[in-house]
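Keep in mind the model is a prediction, meaning the values are calculated, not measured.
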Amino acid sequence: MALPPQDERTLPAVVLRDVDKRPLDHALTEMQGLIEAHGHVIVVYSRAVPAAVERRLHTVRSLLESDRIALFRPELPPLGLAALTRQLRQLASCDLSPGVLASAGRLLTHYVHAGALLGSVARLDRVPVGLTSHAKSWVPGSQFGVIAHPEPQLVRIGPEARLAGPEFGTWMLLARGQLQSDWVSATLAPSWRVQGLREAPLPAESADWWGTGKLVEFCTYLPDLSVLYQLVGSVRRSSCHWCGIDVIGDRCVFCSATAPSYDNRLQLPAG
């Protein structure tokens, strides 16, 4: 899902639709056109998409023999992933090289808190769920607050229910499914002291990711481009030893090469 622009500098997104269902040559032509138009392509996709989608993306990159395609599949629920993707679209308007921009996704993931209010956890398999919670999920009217990232949390909603949130200023984004509740906007958002609240449509993968369509998904994120740019700019950059592109971190997001490790210990000659 492509969220609307956060500000006037946010670049538009290209949504790759039905990648696994269209003929392979159509997907190849589309990707080749994006590379020719933009130079590099960062494909961000959810862990909830069918395995056939991921296979097709890897096939396309392999057949094009291109090291200008980065495939990024972070451990985030769908709404959090959409917020992260928009942050990358914001940063794309800045003077960042393709490698640094693609690497920034891993960095910014740490600043996204993502969860959901669920009507049942019976089919939730992405966050640890105890037997007691499973049993309570069959009680009519039960609701559960769940955090999937950065650290798993699960509570049954009641007067004393609390979820630990970010310790820095954020905005909150929420998407309503089939669950009728204002707990996220009326209780959770004030307790997290969010600086703003916006709503978005529920991503298509959300029901599958959370195991139920009875949910209200939410995430908090950093909306300010200057803050995002400062975070990315504060991290040391290096050049990939294989393809030469600038990156942050120890793994190139385009050619997948990892930084070599050097053993500087004194090697004594064998006697």
Side-chain angles (χ1 to χ4, degrees), residues 1 3 6 46-48 74-87 107-224 227 231:
M1 183 181 72
L3 293 172
Q6 178 70 30
S46 169
R47 291 181 177 268
E75 293 275 3
L76 282 175
L79 190 64
L81 183 68
L84 175 67
T85 303
R86 183 169 59 185
Q87 290 177 326
L107 170 66
L108 297 179
T109 298
H110 297 290
Y111 296 90
V112 176
H113 283 64
L117 178 68
L118 306 178
S120 170
V121 294
R123 295 177 56 203
L124 179 63
D125 59 5
R126 300 181 188 272
V127 175
V129 180
L131 291 176
T132 301
S133 295
H134 267 301
K136 290 179 179 178
S137 71
W138 295 104
V139 178
S142 294
Q143 295 182 359
F144 299 85
V146 183
I147 300 294
H149 187 275
E151 296 292 338
Q153 300 177 59
L154 190 153
V155 298
R156 187 182 183 188
I157 299 302
E160 303 301 321
R162 297 290 184 272
L163 290 173
E167 298 181 352
F168 46 88
T170 61
W171 277 55
M172 177 176 282
L173 185 69
L174 67 85
R176 301 181 187 275
Q178 300 171 12
L179 188 63
Q180 301 299 316
S181 174
D182 292 325
W183 183 82
V184 174
S185 57
T187 302
L188 184 65
S191 72
W192 283 8
R193 298 177 180 173
V194 299
Q195 299 171 347
L197 177 67
R198 292 182 177 175
E199 294 199 29
L202 189 71
E205 299 89 2
S206 293
D208 179 69
W209 204 98
W210 294 104
T212 178
K214 295 182 178 180
L215 79 159
V216 178
E217 190 172 4
F218 59 85
C219 70
T220 58
Y221 62 98
L222 299 170
D224 195 320
V227 174
L231 281 172

request  = Taking the side chain as every heavy atom from C-beta outward, state whether Pro74 and Leu81 have any atom pair closer than 4.5 Å.
outcome  = yes

inquiry  = Less than 4.5 Å apart, side chain to side chain, heavy atoms only: is that true for Val112 and Thr220?
reply    = no

task = Determine the sole option in Asp182, Val184, Leu118 for which the side chain to side chain contact (heavy atoms under 4.5 Å, CB included) test with Val216 is passed.
result = Val184

request  = Just do the side chain to side chain contact (heavy atoms under 4.5 Å, CB included) check on Tyr111 and Thr170 with the steps written out, would you?
outcome  = CA-CA 9 Å; Tyr111 296 90; Thr170 61; over 6 Å; no

task = Hey, could you give me the OG/CG distance between Ser120 and Leu215, rounded to the nearest 0.5 Å?
result = 11.0 Å

query = So, do Leu124 and Phe144 sit near enough that their side-chain heavy atoms are less than 4.5 Å apart?
reply = no

message = Distance alone, cut at 3.5 Å: any donor-acceptor contact between the side chains of Gln143 and Trp183?
response = no

key: Side-chain heavy atoms of Tyr221 within contact of Met172, under 4.5 Å   = no

query = Should Pro152 and Ile147 count as side-chain neighbours, where that means a heavy-atom distance under 4.5 Å?
reply = no

message = Within the structure provided, determine whether Asp224 and Gln6 are in side-chain contact (heavy-atom separation under 4.5 Å).
response = no

key: Note: Asp208-Arg47 ion pair, threshold 4.0 Å (strictly below)   = no

inquiry  = Looking at Gln153 and Leu163, would you say the former's side chain and the latter's main chain have a donor-acceptor pair under 3.5 Å?
reply    = no

task = Would you kindly check if the NZ (Lys) or CZ (Arg) of Arg176 is within the cone defined by 45 degrees around the ring axis of Phe218 and under 6.0 Å from the six-membered ring centre?
result = no

key: Pair Ser142, Arg156: side-chain N/O donor-acceptor within cut-off below 3.5 Å   = yes

ask   = Are side-chain heavy atoms of Glu217 and Pro77 found at a separation under 4.5 Å?
value = yes

ask   = Do the side-chain N and O atoms of Ser46 and Glu205 include a donor-acceptor pair separated by under 3.5 angstrom?
value = no

